Amino acid sequence: MAYKDDWPVLVVCPSSARHHWQAELLSVLHPEFIEPRDISVVESNSHPIYKGTKGFKFKILIISYHLVAKITDILLKVNFNVIIVDESHYMKSATA
């Protein structure tokens, strides 16, 4: 069910679906595999993704298309094992 070796996971989705993704992941994975603090929903480009020198601190990061463009440099520093792109037609072109 939960592929712990595949964490961390990045979920990219429309802004309106971010909290829905969080709720669904918690309904399936909590409490057996994940705690609410293991999932972070990025709300702004100043959202804390790293914690001191410990590096990336979440098992799942959920972010909107709009914010991905604003913090791409930060996201590229994380070695995500899985990236889920919900509503991928939002990417509009190969360079998006």
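Along the sequence shown, residues are numbered consecutively beginning with 1. Only a predicted model underlies this, so the values are computations on that prediction, with no experimental measurement involved.
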Minimum heavy-atom separation for [X] and [Y], please, with both atom names.
X	Y	answer
Asp86	Ala17	OD2-CB, 4.4 Å
Val82	Asp6	CG2-CB, 3.6 Å
Trp21	Ile84	CH2-CG2, 3.7 Å

Check whether any side-chain heavy atom of [X] lies under 4.5 Å from a side-chain heavy atom of [Y], and answer yes or no.
X	Y	value
Ile83	Val9	no
Ile74	Asn45	no
Ile60	Leu25	yes
Leu61	Val42	yes
Tyr65	Pro14	yes
His30	Pro36	yes

Nearest 0.5 Å please: distance from the OG atom of Ser46 over to the NZ atom of Lys70.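 NZ of Lys70 is found 10.0 Å from OG of Ser46.
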How long is the span from the CG atom in Asp38 to the CH2 atom in Trp7, to the nearest 0.5 Å?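 Output value for this atom pair is 7.0 Å.
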Can you list the steps and then say if Leu29 with Ile39 is a side chain to side chain contact (heavy atoms under 4.5 Å, CB included)? CA-CA 11 Å; Leu29 301 175; Ile39 299 175; 5.8 Å; no
Applying side-chain contact (heavy atoms from CB on, under 4.5 Å) between Val11 and each of Val41, Ile62, Ile63, report the one that passes.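 Only one option passes, and that is Ile62.
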For Asp73, I'd like to know if atom CG has over 12 heavy atoms of other residues, nucleotides or ligands within 6.0 Å.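 Atom CG in Asp73 is crowded, with more than 12 foreign heavy atoms closer than 6.0 Å.
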Please evaluate residues His47 and Ser40 with respect to the criterion side chain to side chain donor-acceptor pair (under 3.5 Å), reporting the C-alpha separation (whole Å), side-chain torsions for both, the decisive distance (0.1 Å), and the verdict. CA-CA 9 Å; His47 185 88; Ser40 181; 2.6 Å; yes
Output, in order, the C-alpha distance, side-chain angles, deciding distance and verdict of side chain to side chain contact (heavy atoms under 4.5 Å, CB included) for Val68 and Leu75. CA-CA 8 Å; Val68 163; Leu75 294 174; 4.2 Å; yes
Checking Arg18 side chain against Ser64 main chain: does a donor-acceptor pair fall under 3.5 Å?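 Here the side-chain-to-backbone pair does not exist.
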Show your reasoning for whether side chain to side chain donor-acceptor pair (under 3.5 Å) applies to Glu24 and His19. CA-CA 9 Å; Glu24 289 300 315; His19 294 285; over 6 Å; no
